[in-house]
Amino acid sequence: MRGAAKPPLPPDAWQGKTPTKEQRDAFNVKLGEQAAVAADKAREFYRKYPNHPKAEDAQKKEKKLLEQAVALGQSDRVTQLSDNPALSD
């Protein structure tokens with residue numbers, strides 16, 4: 001799960017060059033998709049191992065990653081956040 005939560009680096013082509021709006025938007029979509037996948041992995045972990053010492057941390061991580069995914073355009077994840085009372089504070 002640790003690797004899934006690590007965002008990708010900006011493309012090398014952006015070094016010393018400002019990306020276009022379309023390039024930034026495409027990269028943000030990629031970031032949002034990756035955050036959603038990482039949230040799924042966190043959820044899988046704490047559901048599979050509910051008594052594990054890190055289960056609560058995984059649940060918090062899921063919430064944070066879902067919030068990031070939604071902020072980056074993954075609007076289909078809004079329901080996942082709102083339907084799970086454990087993720088809403």
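Source: prediction; values computed, not measured.
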Can you tell me how far [atom2] of [Y] sits from [atom1] of [X], rounded to the nearest 0.5 angstrom?
{"X": "L66", "Y": "K61", "atom1": "CG", "atom2": "NZ", "result": "12.0 Å"}
{"X": "K63", "Y": "Q68", "atom1": "NZ", "atom2": "CD", "result": "12.5 Å"}
{"X": "R77", "Y": "D40", "atom1": "CZ", "atom2": "CG", "result": "4.0 Å"}
{"X": "E62", "Y": "D57", "atom1": "CD", "atom2": "CG", "result": "13.0 Å"}

Notebook entry, point to check: What closest approach, in Å, do A58 and F45 show between heavy atoms, and which atom pair accounts for it?
Noted result: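 Taking every non-hydrogen atom into account, CB-CD2, 3.6 Å.
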
Notebook entry, point to check: Can you name the closest pair of heavy atoms from A69 and G32 and give their distance?
Noted result: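 So the two residues come closest at CB-O, 3.6 Å.
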
Note to self: Holding to side chain to side chain contact (heavy atoms under 4.5 Å, CB included), I want the full list of residues that pass it with P50, two or more places apart in sequence or in another chain.
What the structure shows: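 For P50 there are no side chain to side chain contact (heavy atoms under 4.5 Å, CB included) partners, ignoring immediate neighbours.
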
Next item on the list: Kindly write out the residues that satisfy salt bridge (Lys or Arg N to Asp or Glu O under 4.0 Å) with E56, not counting sequence neighbours, or none if the list is empty.
Entry: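 With sequence neighbours excluded, E56 shows a salt bridge (Lys or Arg N to Asp or Glu O under 4.0 Å) to K60, given in chain and number order.
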
Margin query: Applying salt bridge (Lys or Arg N to Asp or Glu O under 4.0 Å) as the test, list every pair that has at least one member in residues 13-27; sequence neighbours left out.
Written below: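 Qualifying pairs, neighbours excluded: K21-D25.
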
Next item on the list: Run through the side-chain heavy atoms of Ile, Leu, Val, Met, Phe, Trp and Tyr, join any pair under 4.5 Å, and report what else lands in W14's cluster.
Entry: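 Joined to W14, directly or through intermediates: F27, L31, L72.
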
Notebook entry, point to check: side-chain hydrogen bond (donor to acceptor under 3.5 Å, both in side chains) with E33: which residues, sequence neighbours excluded?
Noted result: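 Per chain and number, E33 pairs via side-chain hydrogen bond (donor to acceptor under 3.5 Å, both in side chains) with no residue.
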
